[in-house]
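Here's the structure, in structure tokens; my notes come after.
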Amino acid sequence: MKRYLAIRVAVMPLLLFGIASIVFVVSRLTPADPLVSIVGERNLTNPQIVAAARARWGLNDSVPVQYAKYMKNLVKGDLGTSFTTRRPVLHDLLDRLPATLELTFVALLIGVVFGVGLGVLAARNRNRLIDHVARFVALIGSSLPAFWAGLLVLYIFYARLGWLPGPGRIDPRSVAPGHITGFYTVDSLLHGDWSMFVQSVKHLILPASVLGWGVVGIVTRLVRASLLDEFSMEYVRVARAMGLRERTVVNTHALRNALLPTITIVGFLFAFLLTGAVLTETVFSWPGVGSYAVEASRKLDYPAIIGVTILGGFAFLITNLITDIAYAVADPRIRLS
Amino acid sequence: MTAIAVPAARIRRRRPAWLRGPSLIGLISLGVWALVAVTIPLWTPNDPLAPVAGRLLGPSVKHWMGTDALGRDVLTRTLWGARISIPVAVTVIISAVLIGTIIGAAAGFLGGWVDAVLMRLVDITMAFPPILLAMAITASLGPGIRNALIAMVLVWWPIYARLLRAQVVAVRQREYIDSAVAIGASRWLILRRYVLPMSYTPVLVNATMDFGQVVLLTASLSFIGLGARPPSPEWGAMITEGATNFYQWWIAASPGIAILLVVLACNFVGDALRDSFDVKEVTR
């Protein structure tokens with residue numbers, strides 16, 4: 001197992017290289033001239049501006065030279081400069097990453113808690129009405145377009161009922177808590193600003209629920225199936241025969257073993273949610289990496305698009321690796337093989 | 001031990017899981033959507049692209065789901081949207097399955113360095129979050145439904161390549177393949193007649209389940225502004241228009257429900273198929 005993990009880690013730079021190359025190829029597919037998005041359509045007729053822009057963004061070089069430069073910069077952690085914000089893409093991404101991570105963590109929490117709850121409910125009432133309802137609710141989560149669900153809950157809970165705040169991480173007139181971790185909930189607590197904490201939690205509820213609902217279905221199906229497997233085991237029959245309450249049998253005996261597969265897919269769920277954040281952030285004007293990606297593709301800001309795509313690929317690689325490690329940690333049989 | 005008496009005829013006549021319950025409902029509703037997509041020009045009273053009434057009217061007897069910012073009938077546009085989403089999803093799935101089959105079969109059957117190179121390509125493509133890669137490709141090719149379709153095919157084929165390769169590698173070990181080699185059958189014949197038919201089930205089951213996901217991704221790309229553009233009645237694009245008229249909830253309601261119904265139907269059918277054929281799901 002150790003050897004397997006070592007190989008996995010050793011292969012990562014190669015995969016990263018592959019990822020970066022594919023992204024470079026993709027960015028060269030473009031029939032549209034990136035100059036349009038750099039200087040704007042009006043300035044395209046001005047040869048001086050065009051020439052200056054070509055020189056500045058290195059568009060005069062041949063494609064192999066551009067590729068070599070791009071790779072060299074990438075190794076140094078330089079993802080280029082955004083056409084629209086005129087800042088290094090890496091800085092833009094790092095600024096926006098905490099917002100996305102905070103949203104994703106809360107969504108993961110919601111997804112796992114509700115998924116396990118529904119899964120237990122479904123398994124304990126197998127083939128009865130509650131089972132069908134629980135599974136249906138979970139399935140709807142995986143069938144809903146997240147951007148539409150976002151609009152729907154905003155309309156109901158913000159516009160109609162006024163129970164929860166609208167889009168954004170904080171109210172429009174509030175000032176963000178001083179930057180420590182970039183997680184507003186954590187930062188506000190560290191500053192001792194209780195009302196700020198409440199505000200940022202309220203702003204998280206709707207987007208995180210919409211995002212998290214997307215994985216409830218996956219978790220529910222998994223927990224239900226593995227709990228049913230456990231129910232057929234001898235030790236559960238023994239526990240029941242000994243006259244233990246059903247609640248004890250399920251919660252302290254069967255569920256512990258049934259949760260193992262769920263723990264091992266948390267990494268996968270996290271990656272899934274990071275992807276889903278692209279759409280959720282757009283609807284909720286959440287200033288994270290996802291909405292950055294959407295703005296970048298709308299404005300054809302290639303360095304930014306490339307940067308986000310590389311970051312996404314990187315995040316996927318890391319989560320896959322963590323998932324493998326989680327398997328090994330959770331199951332001694334794998335660890336020792 | 002005595003066998004439990006169950007009339008054999010009854011067991012035999014029981015329909016497979018994917019022709020019962022939720023799956024049957026899913027199949028029927030997909031059939032209805034396909035029928036709507038094909039026949040709507042024949043029976044709709046309204047033009048999906050032209051104003052038919054006042055702007056932003058709420059649901060009424062005449063316009064069941066109201067009218068949008070240009071006075072177009074929302075229900076008509078939603079039903080018309082099936083003519084975009086369904087053919088796009090069918091094209092994406094079929095193209096991705098074809099490419100995946102060719103590459104997966106080549107990798108699994110030829111083995112060696114062909115296998116190594118093709119599978120690394122699959123690994124790297126699957127290392128990306130699908131929506132981000134699709135966004136990057138569409139943005140590079142230029143926004144539009146045709147380029148969104150190309151992007152989705154490029155993002156989707158690796159699943160099928162990987163699935164098919166795994167099956168081909170397993171089937172190739174079987175003895176009847178050795179027999180076929182022994183009687184002097186050509187490699188092409190062996191692949192076509194003996195290997196592929198035995199390897200196809202997981203690909204087909206996954207393709208069914210993926211249909212809904214492709215509908216969802218098409219709508220997502222359009223919602224972002226990379227797929228179909230207004231005035232197209234594509235569902236994602238309609239939801240974008242609904243978002244700009246946030247307080248007129250009915251504009252976004254119908255296309256959203258349409259997506260939900262199609263994707264839910266695919267999930268019902270896919271779940272049952274997976275259970276029937278005992279196939280592992282590959283999430284993209």
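The chains referred to below are lettered A, B, ... by the order of the sequence lines, with proteins before strands, and numbering in each begins at 1. Only this structure's heavy atoms are used, side chains among them; waters, hydrogens and symmetry mates stay out.
The nearest pair of heavy atoms linking Ala252(B) to Leu151(A) is CB-CD1, 4.4 Å. For Gln213(B) against Ser142(A), the heavy-atom pair with the smallest separation is NE2-O, 4.1 Å. When all heavy atoms of Trp249(B) and Tyr155(A) are compared, the closest pair comes out as CD1-OH, 3.1 Å. Taking each heavy atom of Ser143(A) and Leu264(B) in turn, the nearest pair found is OG-CD1, 3.2 Å. Nearest heavy atoms, Pro129(B) versus Thr275(A): CB-OG1, 3.5 Å. Met126(B) and Phe316(A) make their closest contact through O-CD2, 4.2 Å (heavy atoms, listed as atom of the first residue, atom of the second, distance).
Within the 4.5 angstrom heavy-atom criterion, atoms from both the backbone and the side chain of Ala293(A) approach chain B. For Ile22(A), the part lying near chain B is the side chain, with the backbone staying farther off; criterion is any non-hydrogen pair under 4.5 Å. Heavy-atom distances place both the backbone and the side chain of Leu154(A) under 4.5 Å from chain B. In this structure, the portion of Val278(A) lying under 4.5 Å from any heavy atom of chain B is its side chain and not its backbone. For a residue to count as touching a neighbouring chain, one of its non-hydrogen atoms must lie under 4.5 Å from one of that chain's; by this rule Leu261(B) does not touch chain A.
Among Leu14(A), Ile19(A), Val283(A), Leu15(A), the residue with the largest count of heavy-atom pairs under 4.5 Å with chain B is Ile19(A).
Between Trp148(A) and Ile259(B), every side-chain heavy-atom pair lies at or beyond the 4.5 Å cut-off. Leu279(A) has its side chain within reach of Ile224(B): a pair of non-hydrogen atoms, C-beta onward, lies under 4.5 Å apart. Residues Asp271(B) and Leu139(A) are in side-chain contact: their nearest non-hydrogen atoms beyond the backbone lie under 4.5 Å apart.
Using cut-offs of 30° and 60° on the angle between ring planes, the pair Phe136(A) and Phe268(B) is parallel. The aromatic rings of Tyr158(A) and Phe246(B) sit tilted relative to each other, their planes meeting at an angle between 30° and 60°.
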